[in-house]
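One structure is given here, and the rest of the page talks about it.
Because only heavy atoms are used, hydrogens play no part in the values below, and waters and symmetry mates are left out as well, while side chains stay in. Letters go in sequence order (proteins before strands), and every chain restarts at 1.
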Protein chains: 2
Amino acid sequence: MLDPRRLRLLDDLSRLGTIAAVAQLRGYTASAVSQQLATLEREAGIPLLERTGRRVRLTDAGAALAAATDDVLLALEQAEASVLAARGTAVGTVRIGAFPTAVRTLLPTALARLAERHPGLRLHVVELDPADVPAALRDDRVDIGLVQDYDVVPRAAARGIQSAPLLEEAVHLATRGRAARTVADVRDEPWILAGPGTLCRAAAVHLCRAAGYEPVTRHVVDDFATVLALVAAGQGVAIVPQLAAVDVPPPVRLDPVGTTRRTRVAHRAGAGRRPEIRAFVDVLRAVAEELPHA
Amino acid sequence: MLDPRRLRLLDDLSRLGTIAAVAQLRGYTASAVSQQLATLEREAGIPLLERTGRRVRLTDAGAALAAATDDVLLALEQAEASVLAARGTAVGTVRIGAFPTAVRTLLPTALARLAERHPGLRLHVVELDPADVPAALRDDRVDIGLVQDYDVVPRAAARGIQSAPLLEEAVHLATRGRAARTVADVRDEPWILAGPGTLCRAAAVHLCRAAGYEPVTRHVVDDFATVLALVAAGQGVAIVPQLAAVDVPPPVRLDPVGTTRRTRVAHRAGAGRRPEIRAFVDVLRAVAEELPHA
DNA sequence: GATCGAGCATCAGCACACCTTACGGCTACC
DNA sequence: GGTAGCCGTAAGGTGTGCTGATGCTCGATC
């Protein structure tokens, strides 16, 4: 029988690319990982790794085995969830990965309510961009994550990840001035965009392209409060979701762009039956329901 | 992460009932199994086993975990199959569980053809009643098994087992004499039945009951050649499938009873991609296709 | 083009996990 | 009430898996 711990190392390697990174992720030395993978390779009877330069690459067989590993880890986590479900009460630590806006708006209420209902539960919040959530869930760095998709940017279905809808907000164009403006109207204005690789940036760029132009980037800022301050200072235009539209500085004007942003709460498929995961998801959905959202 | 080896012991226990039996199956001492299960229980954090008298019984949590284990073992075997598939050639040992009739008719040709096509393959045949095949597959005592169902006796779908149709034969009533007879006609004759728990016996009993009577058992014999000899000796009547109807002694008359027996080749779902399993199944189906069957 | 650093493999050593043997307690059955 | 079957615990030996040190190769840098 193949050892799932070794399989997991191979699976990690298929995503991270280097043995050193796998070692760091799992808290081992590179030596240990190297030895374990060598053992796995000997058991398999065929080369799984290919030494290429000073790095290492998976062979076809290695990639196939890494792919098959996902099912093993899923089944194992489901088995663990079944004992936790049998144990009943929601105890232990749950690690949540969420984006800043949610941390300020949704989470405070949710955390308070959870602490009240489940005193034994310890909650650990990690600020995490939605784009990094699937990888963080897979690597077991968080148990729950908030993901997003704009209806203009389709979300890739992540294998082994389950999610439930949380809320749906309108997206606004933030400008300075009195007149209502559309994305097409501000083609000559500089833009304030989020960092590369983020969904917010992708959505903004997509909207501009749909309006027939490429946005000129002046500032790169992730935090929406800062974004609004910059817009107020006349530094450019930006798009912001409804949730971020609190304490809008007076000179800033918000006009809906006809796009919605959906937020979902995600977890590893195998963890779905864990009581603490269920409790957290339930509370989060209840809190989102109560929120005033357009 | 839960250790799949420990999980497998729990899964075995859920079917075998005693720790001693699990130990014997896996080649351990009972002490080792007891210790491993105790460790699993400590990791789970809830009682999995309940000491009842001098035996042991699974708690609800234990049964749930044992059920979840099936998916783990399936995924693990699939992972192993993926490396064997990557290695390509059909080598190693394949253990086949088959009923005597098939061993005499189907297997000789199939084994010869396999030896010719895959010289590296070692084949191990175990005589096994179809009723025991699912358990033997699950316990990893065989890799391939021949199962049967009569259309009057529905086959229970076994979880984690895959099967493919092999052949379909007519079933005959064996009597001594010249006149064609039906099952209803021989209600006053003594019957020669197969051993308790076998499908053949169940099918015969079912046919009699459908004809409105309970068969009177005179002899209990599994081997069809012996059965036919006894019928020839005027010791009673019996039903035999087409495959067994070779070298029928002269005084014996065979009349179809309108029932068919289906034979299928089965293997663990996770082993489906193993090249040696595929090769064996393919050859077996080809041989069955060539066979003259009504 | 020489130097340095990153990444991986190998080796020795140590701690721990796992299995066996031996033993005792308990229960069901004769 | 004796006995055999079944399970759990204790002690001990063996192997596995980790760390730390060392050496190697390749790629980037000045």
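The side chain of B/Ala32 approaches C/dC19 more closely than any other nucleotide in the set D/dC7, D/dC18, C/dC19.
What separates CZ of A/Arg51 from P of C/dA9 is a distance of 4 Å, to the nearest Å. Taking atom CZ on B/Arg42 and atom C1' on C/dA17, their separation rounds to 11 Å, with Å as the unit. Atom CD in B/Gln35 sits roughly 10 Å away from atom C1' in C/dA17 (whole-Å rounding). In this structure, B/Asp3 places its CG atom 9 Å from P of C/dC19, rounding to the nearest Å. When rounded to the nearest whole Å, the span between CG of B/Leu40 and P of D/dG8 equals 13 Å. Nucleotide C/dT20 holds its C1' atom 13 Å from the CD atom of B/Gln36, rounded to whole Å. Summarising the geometry, the separation between CG on B/Leu9 and P on D/dG8 is reported as 13 Å, rounded to the nearest angstrom. Taking atom CG on A/Leu49 and atom C1' on C/dA9, their separation rounds to 12 Å, with Å as the unit.
The phosphate of D/dC18 (OP1 or OP2) has no side-chain N or O of A/Arg26 nearer than 4.0 angstrom. Between C/dT20 and B/Thr29, a contact under 4.0 Å exists linking OP1 or OP2 to a side-chain N or O. At the phosphate of D/dC18, OP1 or OP2 sits under 4.0 Å from a side-chain N or O atom of A/Tyr28. Taking 4.0 angstrom as the limit, B/Arg5 places a side-chain polar atom (N or O) nearer than this to OP1 or OP2 of C/dC19. For A/Ser34 and C/dA9, the shortest distance from a side-chain N or O to OP1 or OP2 is below 4.0 Å.
Judged by distance alone, with hydrogens and angles left aside, the side-chain atoms of B/Arg268 form a donor-acceptor pair with the main-chain N or O of B/Leu137 at under 3.5 Å. At distances below 3.5 Å, not a single donor-acceptor pair connects side-chain atoms of A/Glu43 with backbone N or O atoms of A/Leu2.
The 5' end of DNA chain D is approached more closely, in terms of each residue's nearest nucleotide, by A/Val33 than by the other of A/Thr52 and A/Val33. Along DNA chain D, the nucleotide nearest A/Ala30 and the nucleotide nearest B/Leu13 are compared for position; the residue whose nucleotide lies closer to the 5' end is B/Leu13.
No hydrogens or angles were tested; on distance alone, a donor-acceptor pair under 3.5 Å links the side chain of A/Ser31 to the base of C/dT10.
Nearest heavy-atom pair, A/Ala44 versus B/Val83, reported as atom, atom and distance to 0.1 Å: O-CG2, 4.1 Å.
Within 6.0 Å of atom CZ in B/Arg278, 12 or fewer heavy atoms from other residues, nucleotides or ligands are found, so the atom counts as exposed in its surroundings.
When only modelled atom types and interatomic distance are considered, B/Thr39 and B/Gln35 share no side-chain donor-acceptor pair under 3.5 Å.
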